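What follows is a short report on a single structure.
Keep in mind it's a predicted model, so treat the numbers as computed, not measured. Just so you know, ligand 1 is whichever comes first in the structure, and atom 1 is the first atom listed for that ligand.
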Amino acid sequence: MINLPKVIGHRGAKDLVPENTLISINESIKYNVKWIEVDVKVSKDNIPFLLHDDLLDRTTTATGNPCNYLYKEIKTLDAGSWFDKKFYFAYPPSLNEVLSFCSNKILGINIELKPNKGKEKENVIAISNLINQFRPKFQYYFSSFDYLSLKLMRRYMPGSGLGYLLDNSNYKKDFNSIIRKCINLKCFSIGFNKNFINKNIIKLCKKNNLAITVFSKRNIKYKSALKLWENGVDSIFLDNPNYYEKILD
Ligand code: G3P
Ligand code: MG
């Protein structure tokens, strides 16, 4: 049974320090965040590590597709200076390091499966192998916009917690068919952009026993967050964990 918190630190604390790094995760803890979310994909040698984009360009000192780099090369990259020169020492951590970190701090982790195109299976196999070896004592679940990745994760880790994330293309579709897709994969949660959620959708999700997470391009104002929680939303992703006066969980 996964107990989602009211707030999840998005890519750690991405507004305050460079996203998807150990310092970002550490920063979120300072504000009493109990769970963090990270984006995970594999390197050329199939080591799962943290990176949001398909390319290394925006958040590191390298360019191109990370699948062309060994993890020992990725580990040497500066993943902090783009944000602020003082963070030059930050690098893209391996998921293994992140799990150890969460283990020490007893943090829950939402691992978003973010494979580069064509690497869906490698990503899921590498992550599931790592989790099976690691046997986390803390809570975790996998989420993805990529349904194939969720399907693969259901096959490789049959008992795992899965959350289906919806992107803009999903909102044009029949919502009942999306719910069916969640049920077919035994997803326990569904993730929405704040712009696309309303009371009816929340009701339908709840009727189908789906926990609800909400993300947004900018931090959701505290007043809106209170309404979302009140209406049945379980978790809100925050870029700045200091944005609310206090984290309620
Ligand atoms: O799961 C919430 C959020 O992480 C989804 O969007 O693009 O930040 O990975 P993105
Ligand atoms: Mg993400």
Using a strict 4.0 Å cut-off to heavy atoms of [X], name the atoms of ligand 1 that fall inside it.
| X | answer |
| --- | --- |
| Phe145 | 5 (C), 6 (O) |
| Lys114 | 7 (O), 9 (O), 10 (P) |
| Phe215 | 2 (C) |
| Leu165 | 1 (O) |
| Arg11 | 7 (O), 8 (O), 10 (P) |

Give the atom name of whichever N/O/S atom in [X] sits closest to the Mg ion (ligand 2).
| X | answer |
| --- | --- |
| Glu37 | OE2 |
| Asp39 | OD1 |
| Glu112 | OE1 |

Please list the nearest protein heavy atom to [atom] with its residue and the distance rounded to 0.1 Å.
| atom | value |
| --- | --- |
| atom 4 (O) of ligand 1 | Glu37 OE2, 2.6 Å |
| atom 3 (C) of ligand 1 | His10 NE2, 3.4 Å |
| atom 7 (O) of ligand 1 | His52 NE2, 2.7 Å |

Geometric class of the Phe49/Tyr71 ring pair [parallel <30°, tilted 30-60°, perpendicular >60°]: tilted

Tyr222 and Trp229 aromatic ring geometry - parallel, tilted or perpendicular at 30°/60° bounds: perpendicular

Side chain to side chain contact (heavy atoms under 4.5 Å, CB included), paired with Ile127, selected from Val42, Asn46, Leu113, Asn132: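 The single option meeting the side chain to side chain contact (heavy atoms under 4.5 Å, CB included) with Ile127 is Leu113.
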
Whether over 12 other heavy atoms sit under 6.0 Å from Ile183 CD1: yes

Heavy atoms of other groups near Tyr147 OH, more than 12 under 6.0 Å: yes

Output field: ring centroids Phe134/Phe101 closer than 6.0 Å: no

Asp54 versus Asn65, side-chain donor and acceptor atoms under 3.5 Å: no

Residue pair Asn20 / His52, side-chain donor-acceptor N/O under 3.5 Å: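 Side-chain D/A pair, Asn20 to His52: absent.
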
Proximity of Asp39 to ligand 1 by residue part, where a heavy atom lies under 4.0 Å: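 It is the side chain that gets close, since no backbone atom is under 4.0 Å.
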
